[in-house]
Participant: 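Before I ask anything, here is the structure I am working with.
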Amino acid sequence: MSGDHDYEHHIEPWGPHDWSHGAPHNSFAPLVMSIGFGVFLYTFANIFVMGELVDISSMAGVMLGFIIITLGLMIWWRQDMSFDGVYEPKGVGAPFRNIDLRKVAMWIFLMSEMMVFTSLFSTYIRYRLGIQNCEELFLSGEWVEGTTVTCFEPAAHLIASSWFHLAPGAVNTFALIISSFTIVLALKTAKMSNKKYAKKYNIDKSDVDAHRSRKVGVFLGSTLFLATLFLTLKLIEWFIGFPTPGPLTELNHGYDSIKSLYSEGYTIHAAAYTNVHYDADPTSKYFHIPADSALAMMMDAGTHPGGVMMADIRVSASTFYVTTGTHGVHVFAGMVGLSYMTFKALRGGYGPSNAVSIEYFGLYWHFVDLVWVLVFPFFYLF
Amino acid sequence: MAGYTILGRDPYWMNFWGLMILTAIEVIAVGVEISKAITMSILIGIAIPKFIMIAAIFMHLYGDADSKILTMTALFPAFFIIVMVFFIGLTSPGAPTELPAWCRPPSWL
């Protein structure tokens with residue numbers, strides 16, 4: 001050590017400028033990708049306005065953006081593929097002295113991400129508390145059939161209405177927790193010393209590398225599978241729905257399928273949403289207005305004609321889709337990274353000297369899980 | 001990796017099962033017929049330890065040599081988060097027009 005610089009640890013603060021032999025940093029690829037994202041987002045925003053297709057010519061820009069992003073990713077991965085952990089840059093000044101710079105950078109990135117999600121959560125809290133709940137509005141009787149009223153309809157009202165509706169979200173929660181664990185297992189396996197590894201799996205030292213590559217690849221591949229499952233179930237929940245097998249039909253109020261949120265009318269376009277619960281018809285299968293509610297009393301007194309309440313739920317639907325969609329985009333980004341890492345692992349790319357790369361990706365992945373820990377109860381359950 | 005154990009076992013393994021159990025309780029709490037206030041209390045009461053368990057154990061904010069400084073880094077945006085949640089999230093939509101006269105600009109009616 002000499003002064004503020006850890007010269008013993010590495011010779012030159014910015015490391016070797018040789019893409020083929022080590023440095024995981026000094027890459028211009030993220031800059032290329034940023035330009036690609038800029039082109040993509042700018043042109044994508046021009047295609048749709050209020051859900052209407054207005055400028056199909058911008059599709060060319062969207063494709064160009066995709067190509068630039070893909071090019072940036074390929075350059076980045078090409079540079080990283082040969083990274084064997086020989087050079088891991090460390091912080092040289094307070095407060096991050098001797099801490100891996102990539103680790104610090106990842107944490108700072110995650111904190112900026114935390115701000116993004118906090119803004120989404122504060123928006124949700126703001127609207128949830130500020131706009132009258134649809135069910136409360138319905139029971140208050142302060143509505144007239146044929147006129148649309150603005151109210152907040154939490155997605156949980158639909159999702160948590162039955163175990164079947166809740167199933168995709170609940171399975172996804174478990175999938176993310178298991179995936180957080182599989183990535184930890186990948187890190188543990190990659191980090192283990194050759195001697196310890198050979199002893200643990202009772203194999204010859206010469207077989208350790210091949211055995212380790214396969215095992216790390218399997219753990220990372222499992223994480224990728226669980227991430228894919230997560231997005232598939234989200235797709236089913238949002239747009240597709242699923243059938244309920246015969247014997248379970250009775251448990252689903254007699255219906256043989258679970259509708260998607262889109263089919264239920266829970267969309268950002270629906271200005272006149274009518275949920276079955278907002279039907280005041282006493283002969284309706286779902287008639288369940290509490291006798292002590294203002295609406296029931298008004299109907300008994302003949303001062304409210306009943307009928308079906310039409311609600312404008314665009315704010316609540318937007319809040320739900322933007323927040324869970326942003327989280328989904330993060331899962332997708334993780335899948336892109338995991339695809340590469342699984343490929344690299346199966347080629348023997350990870351060992352004790354560079355296992356920290358898995359750790360840093362793991363930080364991102366755990367963060368995605370962390371956000372879901374908050375999204376799930378507040379958007380799916382309550 | 002972690003240089004400590006939880007109840008004498010691997011902390012990641014214990015953390016994983018802890019998270020699975022807490023999530024199961026969360027889902028069951030929504031399925032059973034209880035008041036909304038109790039459901040909400042259970043959901044918040046479970047989300048907080050889950051959040052801490054993932055951050056502390058899976059993300060190594062506990063037990064590593066650099067855990068302390070990285071925890072401080074992670075807590076840095078807490079101030080902004082508090083501002084956003086309490087001063088934006090919990091404000092009323094009528095706040096700009098329903099402020100008492102003494103804290104409104106003179107030009108406001």
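The figures that follow rest on heavy atoms only: side chains count, while hydrogens, waters and symmetry mates do not. Computed from a predicted model, the values in this text were never measured in an experiment.
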Participant: Distance-only, no hydrogens or angles: does the A/Y201 side chain make a donor-acceptor pair with backbone N or O of A/V208 under 3.5 Å?
Facilitator: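 Not at all, since once roles are kept as given, no pair shorter than 3.5 Å links the two residues.
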Participant: Among A/V373, A/I108, A/V371, who wins on heavy-atom pairs under 4.5 Å with chain B?
Facilitator: A/V373
Participant: Return yes if a side-chain donor-acceptor contact under 3.5 Å exists between A/N172 and A/Y380, otherwise no.
Facilitator: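 No - no donor-acceptor pair under 3.5 Å links their side chains.
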Participant: Enter the distance from A/L370:CG to A/W365:CH2 here, rounded to the nearest 0.5 Å.
Facilitator: 13.5 Å
Participant: I'd like to check A/F152 versus A/Y124 (side-chain heavy atoms, cut-off strictly below 4.5 Å). Are they in contact?
Facilitator: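 Sidechains of A/Y124 and A/F152: in contact.
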Participant: Could you check whether any side-chain heavy atom of A/I313 comes within less than 4.5 Å of a side-chain heavy atom of A/C134, counting everything from C-beta outward?
Facilitator: yes
Participant: Are any of the side-chain heavy atoms of A/F138 and A/H277 separated by less than 4.5 Å?
Facilitator: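 With C-beta onward as the side chain, the pair stays apart.
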Participant: Identify which part of B/L61 has an atom lying under 4.5 Å from any heavy atom of chain A, answering side chain, backbone, both or neither.
Facilitator: side chain
Participant: Contact part of A/I183 toward chain B, heavy-atom cut-off under 4.5 Å: side chain, backbone, both or neither?
Facilitator: neither
Participant: Heavy-atom distance under 4.5 Å to chain A: side chain of B/A65, backbone, both or neither?
Facilitator: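 It is neither, since no heavy atom gets under 4.5 Å.
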Participant: In terms of heavy-atom contacts, does CZ of A/F225 have more than 12 from other residues, nucleotides or ligands at under 6.0 Å?
Facilitator: no
Participant: Who wins among A/I178, A/L185, A/L110 for the most heavy-atom pairs under 4.5 Å with chain B?
Facilitator: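 When all of A/I178, A/L185, A/L110 are compared, A/I178 has the most.
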Participant: B/L75, B/N15, B/L22, B/L43: which one forms the most heavy-atom pairs within less than 4.5 Å of chain A?
Facilitator: B/L43
Participant: Under 4.5 Å from any heavy atom of chain B, what part of A/F96 do you find: side chain, backbone, both or neither?
Facilitator: side chain
Participant: So what's closer than 4.5 Å to chain B heavy atoms on A/L166: side chain, backbone, both or neither?
Facilitator: side chain
Participant: If we define contacts as heavy-atom pairs under 4.5 Å, which of A/A355, A/A160, A/P95, A/G362 has the most with chain B?
Facilitator: A/P95
